[in-house]
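Notes for the one structure printed next.
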Amino acid sequence: MSNSSSISQFLLLAFADTWELQLLHFWLFLGIYLAALLGNGLIITTIACDHHLHTPMYFFLLNLSLLDLGSISTIIPKSMANSFQETRAISYSGCAVQLFCFIFWIVGEYLLLTVMAYDRYVAICKPLHYGTLLGGRACVHMAAAAWGSGFLNAVLHTANTFSLPLCHGNAVDQFFCEIPQILKLSCSHSYLREVGLLVTSLSAALGCFLFIVVSYVQIFRAVLRIPSEEGRHKAFSMCLPHLSVISLFSSTAMFTYLKPPSISSPSMDLVVSALYSVVPPAMNPLIYSMRNQELKDSLKKLIQSVFFQKQ
């Protein structure tokens, strides 16, 4: 029987068994990763350089892009390296770091999306109080709370998970280190302590989800009372990108963890896990830039200024 003190590495789940399919996985993930780096990098640079975008909505969007870059950089590079090197191994400490970082980025992103729902609620339902409720200091405090909560969750879950004795081998049924898969390797009833922490975190996540739902119910009620069609269209355009992002994030995550065991299989689990952990950070910049003319105009000016300076 092995335990955590004798385990020096974990074996992650491979996407493919043949070298050709591993190369395909490598190039696919490389394309997704470069798209995420480019899209989020452009959003961060555009918002930072254009003072017209120094508003609460774009401040939160900048933070969201930073969190997206962090979350995708935690998973994809290691998965690509393993595919290219034809290995499944990740060191014990590397697994702990990956788990910590993933929880940090994901929790921070979900809480920031909750804050962004509040931003949209105030902008549409209480526009006269927008400057008061979402002043510069309030925005910084809310963003810092999201980042800080992510860090606290990461510390608690990582320390608790890797303090458990492991006696069911070192094969993780996932292509990255994840709490449920590591708990399956535990041989101690103390894993119930981590389950308790997970239940607490999920309860908080459910509270955030309900807050988002209630916020959008109020937003839609306010929008439908706007007399002009142009005003309704503008209001919906303000909310649609955020609503699309939160829907993509929540639906893929919930399907991953709540899908019936009868439809579960290793290959399907891999695809679904990639959908919620890899696709959203790459898609978010596209979702926001497609529906936001102000952001597209600022990005165009930035690219033109860089191009003409080089001329």
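Residues take their numbers from the sequence shown, with the count starting at 1. None of these values were measured; they are calculated from a predicted model.
- Listed by first and then second residue, the ring pair (Phe, Tyr, Trp, His ring centres under 6.0 Å) pairs involving residues 46-71 amount to none (not counting sequence neighbours).
- At a cut-off of 3.5 Å, with distance as the only test, a side-chain donor of Asn63 or Trp147 sits close to an acceptor on the other residue.
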- Worked verdict on Glu109 versus Asp68 for side-chain contact (heavy atoms from CB on, under 4.5 Å): CA-CA 7 Å; Glu109 179 170 348; Asp68 280 337; 2.9 Å; yes
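- Residues Leu34 and Leu38 have side chains not in contact (no heavy-atom distance under 4.5 Å, counting atoms from C-beta outward).
- In this structure, Leu11 and Val172 have side chains that are not in contact, with every pair of non-hydrogen atoms separated by 4.5 Å or more.
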- Message: With side-chain contact (heavy atoms from CB on, under 4.5 Å) as the criterion, how do Ile182 and Glu178 come out once you've worked through the C-alpha distance, each side chain's angles and the decisive distance to 0.1 Å?
- Response: CA-CA 6 Å; Ile182 296 175; Glu178 193 179 37; over 6 Å; no
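- Using modelled atom types, no side-chain atom of Arg88 and backbone atom of Asn82 make a donor-acceptor pair closer than 3.5 Å.
- Between the side chain of Asn153 and the main chain of Ser149, a donor-acceptor pair closer than 3.5 Å is present.
- Here the side chains of Phe84 and Leu23 are in contact, with some heavy-atom distance below 4.5 Å.
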- Item | side-chain contact (heavy atoms from CB on, under 4.5 Å) evaluation trace for Phe175 with Phe29 | CA-CA 12 Å; Phe175 74 98; Phe29 266 30; 3.9 Å; yes
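- In this view, Phe220 and Tyr216, Phe236 satisfy the ring-ring contact (aromatic ring centres under 6.0 Å, His included) rule, not counting sequence neighbours.
- Residues Leu302 and Asp50 are not in side-chain contact: their nearest non-hydrogen atoms beyond the backbone lie 4.5 Å or more apart.
- With values rounded to the nearest 0.5 angstrom, Leu156 atom CG is found 8.0 Å from Ser201 atom OG.
- Under a hydrophobic clustering in which Ile, Leu, Val, Met, Phe, Trp and Tyr are joined whenever their side-chain heavy atoms come within less than 4.5 Å, directly or via other members, Leu183 and Leu202 fall into different clusters.
- Listed by chain and residue number, nothing satisfies the side-chain hydrogen bond (donor to acceptor under 3.5 Å, both in side chains) test with Ser250 (two or more places apart in sequence, or in another chain).
- In this view, Ala123 and Arg120, Tyr130, Met238 satisfy the side chain to side chain contact (heavy atoms under 4.5 Å, CB included) rule, not counting sequence neighbours.
- Using cut-offs of 30° and 60° for the angle between ring planes, the Phe249 and Tyr110 rings count as parallel.
- Linking Ile, Leu, Val, Met, Phe, Trp and Tyr residues whenever their side-chain heavy atoms come within less than 4.5 Å leaves Val97 and Leu185 in two separate clusters.
- Val278 and Leu24 end up in different hydrophobic clusters when Ile, Leu, Val, Met, Phe, Trp and Tyr side chains are linked at under 4.5 Å.
- For the side chain to side chain contact (heavy atoms under 4.5 Å, CB included) test with Gln22, the passing option among Met80, Gln85, Glu86 is Glu86; the others fail.
- When atom types are taken as modelled, the side chain of Asn170 and the backbone of Ile7 share no donor-acceptor pair closer than 3.5 angstrom.
- Put simply, the side chain of Ser244 reaches to within 4.5 Å of the side chain of Leu240, judged on heavy atoms.
- Rounding to the nearest 0.5 angstrom, the gap separating the CD1 atom in Ile124 from the OH atom in Tyr121 is 11.5 Å.
- Between the CD1 atom in Ile179 and the NZ atom in Lys184 there is a gap of 13.5 Å [rounded to 0.5 Å].
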Sequence neighbours excluded and cut-off under 3.5 Å, please list the side-chain donor-acceptor pairs for residues 135-144, or say none.
none

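- Interatomic distance, Cys177 SG to Ile90 CD1, rounded to the nearest 0.5 Å: 4.0 Å.
- The side-chain heavy atoms of His233 and Glu229, taken from C-beta on, include no pair separated by under 4.5 Å.
- Clustering ILVMFWY residues whenever any of their side-chain heavy atoms sit less than 4.5 angstrom apart, transitively, puts Leu286 in the very cluster that holds Met116.
- Under a 3.5 Å cut-off, the side chain of Gln218 and the backbone N or O of Cys125 do not form any donor-acceptor pair.
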Atom pairs and distances, donor-acceptor, side-chain atoms in residues 39-49, under 3.5 Å, two or more places apart:
from, atom 1, to, atom 2, distance (Å)
Asn40, OD1, Ser65, OG, 3.4
Asn40, ND2, Ala36, O, 2.9
Asn40, ND2, Pro281, O, 2.9
Thr45, OG1, Gly41, O, 2.8
Thr46, OG1, Leu42, O, 2.6

- Task: Determine, step by step, whether Cys95 and Phe162 satisfy the side-chain contact (heavy atoms from CB on, under 4.5 Å) criterion, reporting the C-alpha distance in whole Å, the side-chain angles of both residues, the deciding distance to 0.1 Å, and the verdict.
- Result: CA-CA 10 Å; Cys95 185; Phe162 282 89; 3.8 Å; yes
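- Side-chain atoms of Ser251 come within 3.5 Å of backbone atoms of Ser247 as a donor-acceptor pair (strictly under, hydrogens ignored).
- Atom-to-atom distance recorded for Thr161:OG1 and Leu166:CG is 10.0 Å, nearest 0.5 angstrom.
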- Start with the C-alpha distance between His25 and Ser79, add both sets of side-chain angles, then the distance that settles side chain to side chain donor-acceptor pair (under 3.5 Å), and finish with yes or no. CA-CA 9 Å; His25 160 234; Ser79 183; 3.2 Å; yes
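- Of the possible polar contacts, none joining the Ser73 side chain to the Gly70 backbone as a donor-acceptor pair under 3.5 Å is found.
- Grouping the Ile, Leu, Val, Met, Phe, Trp and Tyr side chains by contacts below 4.5 angstrom, directly or via other members, places Leu112 apart from Val214.
- Between Leu134 and Pro56, the shortest heavy-atom contact is O-CG, 3.4 Å.
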- Take Phe26 and Tyr33 through the ring-ring contact (aromatic ring centres under 6.0 Å, His included) test and state the conclusion after the steps. CA-CA 10 Å; Phe26 173 84; Tyr33 189 50; over 10 Å; no
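- Between Ala96 and Thr158, the closest heavy-atom pair is O-CG2, 3.7 Å.
- Taking every heavy atom of both residues into account, Pro77 and Ile72 meet most closely at CD-O, 3.7 Å.
- The heavy-atom pair separating Tyr288 from His242 by the smallest distance is OH-CA, 3.4 Å.
- A distance of 15.0 Å separates NZ of Lys78 from CZ of Phe176, quoted to the nearest 0.5 Å.
- Annotation for Thr114 and Cys208: closest pair OG1-CB, 3.4 Å, computed over non-hydrogen atoms.
- Cys239 approaches Ile219 most closely through the heavy-atom pair SG-CG2, 3.7 Å.
- At distances below 3.5 Å, not a single donor-acceptor pair connects side-chain atoms of Arg232 with backbone N or O atoms of Val223.
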